[in-house]
Asker: 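Below you will find the structure I want to go over with you.
Chain identifiers are assigned alphabetically (A, B, ...) following the order of the sequence lines, protein sequences preceding nucleic acid strands; residue numbering begins at 1 within each chain.
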Amino acid sequence: MVPTPQRRPGKSSSPLGWLLRQRGNWLPPVLGIGGFLVLWQVLFNLGILKLPGPISLFTEERTRSLILDPFFDNGGLDKGLFWQTLASLGRVAQGYLLAAAIGISVGITVGLKQSINRAFDPLFQFLRMVAPLAWVPIALVVFQQNQPAAIFVIFITAVWPILINTAEGVRQIPQDYRNVALVLQMSSRRFFTKVLIPSALPYIFTGLRISIGLAWLAIIAAEIVMPGTVGIGFFIWDAYQQNYVGEIVLGVIWIGAIGLILDRLMLWIQKRMSSGQ
Amino acid sequence: MTTTTTQPLLRFEDLGKIYPTPTGPYCVLEKINLEVMQGEFVCVIGHSGCGKSTLLNMVSGFSTPSSGQVLLNGAPVVKPGPDRMVVFQGYALLPWMTAYENVHLAIDSVKPKLPEREKREIAMEHLRLVGLEKASEKLITQLSGGMKQRVAIARALAIRPEVLILDEPFGALDAITKEELQVELLQIWNTQKCTVLMITHDIDEALFLADRLVMMTNGPSASIGEVMTIDFPRPRNREDIMEDPKYYELRNTALDFLYNRFAHDDVE
Amino acid sequence: MTTLVDVQNIEKDFPLAGGGNYLALKGIDLEIRQGEFISLIGHSGCGKSTLLNMIAGLDLPTDGVVLLDGESIKRPGPDRMVVFQNYSLLPWLTVRQNVALAVDEVMPDLGRAERDAIIDEHLEMVGLGQAGAKLPAQLSGGMRQRVSIARALSIKPKLLLLDEPFGALDALTRGNLQEKLMQICNEHELTAVMVTHDVDEAVLLSDRIVMLTNGPGSKIGGILEVDIPRPRQRLTVVHHPSYYSLRSEIIYFLNRQKRVKQWQAKTHKVLARHGLEKVNLDLGILPLAACAPLAVAEAKGFFSKHGLDEVHLVRETSWRGVVDGLLDQTLDAAMMPSGMPTWMTAGGHGGDPLPIVTALTLSRNGNEVTLAKRLADQGVTTVEAYRSWLGSHEREPHRIGIVHPASMHNLLLRYWLAANGIDPDKDVHLQTLPPAQMLADLKDGSIDGYCIGEPWNYRAATTGHGVPIVGDLEIWPGHPGKVLGAREDWALAYPNTHIALTKALLEACRYCADPAHWSEMSELLSDRRYLGIKADLIRFSGQPGETGPFAPHGEPHHLFFGAGLNRPSRTEHLWILTQMARWAEIPFPRNYVEILERVCSVSVFSTAARELGLEDVSYQRQGIELFDGRAFNPDDPIGYLNDVKVHRDFSVAEIPLGLPRPLSV
């Protein structure tokens with residue numbers, strides 16, 4: 001066999017040297033984002049784009065204070081972006097965890113039993129297609145309160161990818177592995193922990209990763225129509241009502257950034273969990 | 001028997017290949033000397049790690065030798081070219097195309113100036129040669145493993161290479177399909193008079209097909225251990241070969257080479 | 001040895017997608033003894049994996065039972081561990097954890113330390129002591145399968161089941177693993193069943209090889225005992241004469257399955273013309289000098305002259321091909337050793353007795369005994385010298401090759417050895433081998449010699465690998481060599497065709513008997529359709545003035561035609577029956593008179609001879625007396641059997657033949 005050439009340890013160990021050698025990794029995204037921002041600013045300056053340019057986020061007083069101090073708390077809805085985000089994330093966490101717990105367990109049941117799958121699959125596929133926003137009025141009618149309704153919307157949006165992927169993962173367990181378990185006469189508990197979960201894990205994580213994005217999208221939708229709540233979604237809605245365009249842009253950037261971080265976090269957990277495969 | 005000319009078609013001169021690795025240079029092949037005559041069928045056998053694929057890559061021009069050279073018609077091989085066509089074990093066909101389109105694409109790339117009618121004729125002729133004229137409009141994904149390999153062989157032959165290089169072409173096929181394809185390959189080789197260099201793991205395959213069997217020693221620094229001449233009369237059939245007392249001698253010699261003199265442990 | 005697994009009359013069908021059932025296996029009976037290694041071999045789709053799965057309990061038979069230690073197998077269990085083709089290791093566990101998974105599951109009562117010791121021991125056993133911390137993805141295919149084997153063995157199963165364990169590996173890696181598995185099986189006295197399609201693998205590893213026929217309704221087509229001593233080693237086993245003979249038998253079986261399938265795919269019509277019931281005939285031949293009459297009849301147009309317009313000669317590579325061809329009726333008739341008609345009629349082929357008729361003796365003589373050059377170099381050139389040489393080399397195995405138990409080679413060789421004080425079963429071992437392999441074995445030194453027809457003795461002499469020691473002219477000059485044989489029901493269904501065939505071949509025999517035609521015949525037979533060897537290796541007689549066993553009395557070696565030479569002789573066939581019973585190839589038939597009456601189609605011969613105007617060849621030969629001067633009394637064969645000095649424990653039995661009836665056409 002031809003030996004695979006191994007990566008050599010770097011010749012110089014200075015951080016700068018390391019950064020230089022790694023430039024292939026960081027330089028393109030920096031250039032890409034920077035270029036985008038420059039283009040945006042130029043388009044604004046030329047008057048083609050009505051949206052304020054990125055520089056205005058710092059020049060404008062309202063947004064600059066929001067950027068510089070995300071932690072202020074003046075009571076009521078007047079809070080720093082950090083608190084706004086935290087409140088949204090709290091709701092997402094509750095709804096998402098609920099979705100994960102129910103999605104995975106129902107998914108496993110559906111994946112193991114073909115008959116249950118046949119019974120419920122059309123229903124799942126139907127419910128999955130309902131947009132998060134459409135659930136809001138229903139949730140409000142059912143729960144009468146903002147908080148549980150928002151959590152429900154998160155849950156109902158996030159549960160489907162988890163459920164469907166988990167079921168698929170369980171169905172995809174190779175017959176070989178099942179045979180091994182059969183021949184060893186494994187107890188179902190051990191089959192569950194030793195074969196089923198590890199084997200379905202990549203699928204489950206794919207579901208979880210898709211869902212975290214959806215949950216985050218849903219929270220914005222939910223909060224926009226739930227006035228009087230602290231949260232990044234309502235923050236944007238509020239800014240729009242009062243025509244603070246800079247705040248809207250800032251809020252959108254926050255949302256995107258948080259979404260990106262959540263996704264990367266899931267990816268990292270997934271990689272750690274499945275490092276063996 | 002094959003027609004031989006005085007000048008070898010393919011010639012390896014002191015061929016060697018060294019890969020740089022973190023722990024220093026790793027010599028895969030060393031001092032390979034071999035002459036392949038026009039129209040000859042040569043099989044190369046050896047354990048995994050003996051550098052068969054490296055050898056093949058240097059003939060096809062995918063990689064360059066570290067020392068020595070490969071000469072085709074007296075000229076050194078420096079890059080891949082249609083005069084040396086490779087058939088891979090994994091077929092390497094484009095799955096979204098039909099069998100015909102795969103063959104046609106190859107002809108189109110090599111001889112773009114040919115009139116379309118001729119391209120079509122050549123493609124169909126070669127599909128016919130491998131018995132796939134009826135399946136020519138089928139997508140690659142609709143074909144069985146054996147049929148895919150037939151398409152790959154047709155594609156390779158359609159561009160009229162001087163050397164047909166086969167890299168374990170039948171390794172992934174079941175026993176019966178494999179035997180059928182071996183028979184077809186021999187028939188094609190016989191009618192097309194092409195020169196074949198084939199890598200195999202299967203002694204019986206080599207005994208059935210080849211004029212000469214090149215047996216490689218183990219790596220690192222693998223080289224040619226022995227070249228065995230297989231002079232069963234042609235055209236061959238499997239049963240006749242097994243009736244020839246020489247079959248047992250040759251087979252035992254090859255077994256002895258691979259399992260005794262150059263035995264190889266697969267545990268790293 | 002005790003029976004571990006007992007497969008009793010298994011049947012298995014699978015529901016088909018489009019409705020109906022597919023019958024995969026039918027009537028499978030197999031006993032697997034403790035400590036035995038069994039291979040199941042057959043073409044893909046023959047149900048070999050299904051059978052293995054039923055032993056594993058992963059699948060249940062539709063009918064019949066599989067017993068393990070007397071108990072019916074209903075579900076899988078760790079006492080029958082399976083090694084799958086694609087390893088089925090859990091990729092998220094390390095090598096060690098994969099093995100531990102099984103050990104922990106099956107041996108929960110043991111302490112951690114004990115279990116660890118078992119895991120280590122088994123990883124060590126497969127040569128992976130160093131790789132315990134690696135993940136399967138980091139290993140080569142061969143190493144992964146080693147882990148799988150370690151896992152299977154670590155839980156000490158009663159039975160190891162292997163489903164094409166090396167199928168996914170290249171041929172050379174496979175070799176290493178086979179040796180490893182063999183070594184482990186030997187050391188631990190494992191009982192194992194392996195599904196494979198690799199012939200060499202089956203012969204190398206197995207004690208018995210079970211060959212399955214093609215589906216639907218696959219059956220056991222034959223079981224081969226592998227008599228190669230253990231421990232085995234790849235390079236030494238190939239020099240054991242059984243190796244290549246078993247190998248060719250399996251290859252023959254697999255090819256036969258393929259051929260039958262192709263044959264069945266075509267339509268087969270009976271063409272009646274010229275007042276003959278069937279003019280399209282498939283006749284079996286073997287590449288021997290004695291096939292000359294059939295080759296000549298084809299080349300010189302004797303077949304068509306007698307109205308047989310579409311005769312096709314089917315070149316078989318072994319006599320087994322002829323037997324099978326007659327059994328499944330892919331052949332109409334064939335040339336066969338003179339013992340074969342009575343042997344098959346008496347059920348010697350192992351199935352139900354199949355009455356075979358012979359209307360013509362095609363050739364006489366043509367056989368010799370050749371001893372290896374290495375023996376001649378030590379002065380062993382006579383039977384006396386061989387006897388004393390055997391005495392002084394008792395410890396080595398002494399094998400002599402023959403082509404078929406029902407052939408005259410076998411019977412004459414045995415007679416000759418026994419009469420010279422060598423017991424053909426105790427002092428030496430007679431082994432059925434394919435002719436080409438005999439020459440290789442002779443050169444190789446793994447057999448002492450062989451008894452066979454031409455061209456194999458002359459070939460050994462010309463290549464210097466052997467020395468002819470005695471010819472049949474010195475044992476029984478003029479003994480029947482090859483005969484024309486056909487099924488009795490075939491002969492009754494196509495009586496006029498049978499006569500026409502006999503006429504064509506009798507004329508061909510007359511042509512062959514003329515020495516003026518011999519060089520032409522040698523040329524003809526050298527064609528690939530017949531012998532496919534150089535013409536100068538094919539001869540029908542010794543050269544004038546030549547000494548040695550080819551022509552000691554100046555007689556021609558092959559006799560094709562002449563007074564009393566071609567007419568089937570009941571006395572000769574009785575002598576053959578008696579000899580086959582003497583060596584316990586078949587029981588001596590109590591109804592031997594009936595058998596001889598039905599085997600020897602004297603009337604067909606006489607009609608043929610009369611219509612050709614050759615009545616004078618119909619004369620009956622006199623009694624039979626071989627070189628030792630011992631007369632054979634055809635009136636008292638059992639008395640003869642009791643009287644000969646060397647014989648096996650023979651039995652006498654009635655062979656139920658039923659009434660003669662023609663094939664239903």
Asker: Within a 6.0 Å radius of atom CD on C:Glu187, are there more than 12 heavy atoms belonging to other residues, nucleotides or ligands?
Answerer: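 Atom CD in C:Glu187 is packed in, count exceeds 12.
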Asker: Of the backbone (N, CA, C, O) and the side chain (C-beta and beyond), which part of C:Val106 lies under 4.5 Å from a heavy atom of chain A, both, or neither?
Answerer: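 For C:Val106, the contact with chain A is made by the side chain alone.
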Asker: Test: ring-ring contact (aromatic ring centres under 6.0 Å, His included). Region: residues 40-87 of chain C. Which pairs qualify, not counting sequence neighbours?
Answerer: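 Pairs touching residues 40-87 of chain C that pass the test: none.
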Asker: If you count every heavy atom of other residues, nucleotides or ligands that lies below 6.0 Å from C:Arg112 atom CZ, does the total exceed 12?
Answerer: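 Atom CZ in C:Arg112 is packed in, count exceeds 12.
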Asker: Going by heavy atoms in the side chains, are C:Ile155 and A:Leu184 under 4.5 Å from each other?
Answerer: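 Answer yes - side chains close enough.
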Asker: So for C:Leu101, is it side chain, backbone, both, or neither that comes closer than 4.5 Å to the heavy atoms of chain A?
Answerer: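 Contact with chain A involves both backbone and side-chain atoms of C:Leu101.
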Asker: Would you indicate whether the side-chain heavy atoms of C:Asn86 and A:Asp176 approach each other to under 4.5 Å?
Answerer: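 Yes, at least one pair of side-chain atoms sits under 4.5 Å.
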Asker: Would you give the length of the straight line joining atom CG of C:Leu58 to atom CZ of A:Arg178, rounded to the nearest 0.5 angstrom?
Answerer: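 CZ of A:Arg178 is found 13.0 Å from CG of C:Leu58.
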Asker: Count the heavy atoms belonging to other residues, nucleotides or ligands that lie under 6.0 Å from CD of C:Gln130, then report whether that count exceeds 12.
Answerer: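 Check fails, neighbour count at 12 or below.
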Asker: Counting only heavy atoms not in C:Phe14 (residues, nucleotides, ligands), do more than 12 fall under 6.0 Å from its CZ?
Answerer: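 Check passes, neighbour count above 12.
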Asker: Residue by residue, scan residues 106-132 of chain A and write down, ordered by number, those that have a heavy-atom distance under 4.5 Å to chain C; if none do, write 'none'.
Answerer: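 Those residues of residues 106-132 of chain A which would need a heavy atom under 4.5 Å from chain C do not exist here.
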Asker: What closest approach, in Å, do A:Gln185 and C:Pro76 show between heavy atoms, and which atom pair accounts for it?
Answerer: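 Heavy atoms of A:Gln185 and C:Pro76 come nearest at NE2-O, 2.7 Å.
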Asker: Quick check: does any side chain N or O of C:Trp92 sit under 3.5 Å from a backbone N or O of A:Lys194, one acting as donor and the other as acceptor?
Answerer: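 Yes: the side chain of C:Trp92 pairs with the backbone of A:Lys194.
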Asker: Examine whether an atom of C:Ala102 lies under 4.5 Å from a heavy atom of chain A, and if so say whether it belongs to the side chain, the backbone or both; otherwise answer neither.
Answerer: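 Both parts, backbone and side chain.
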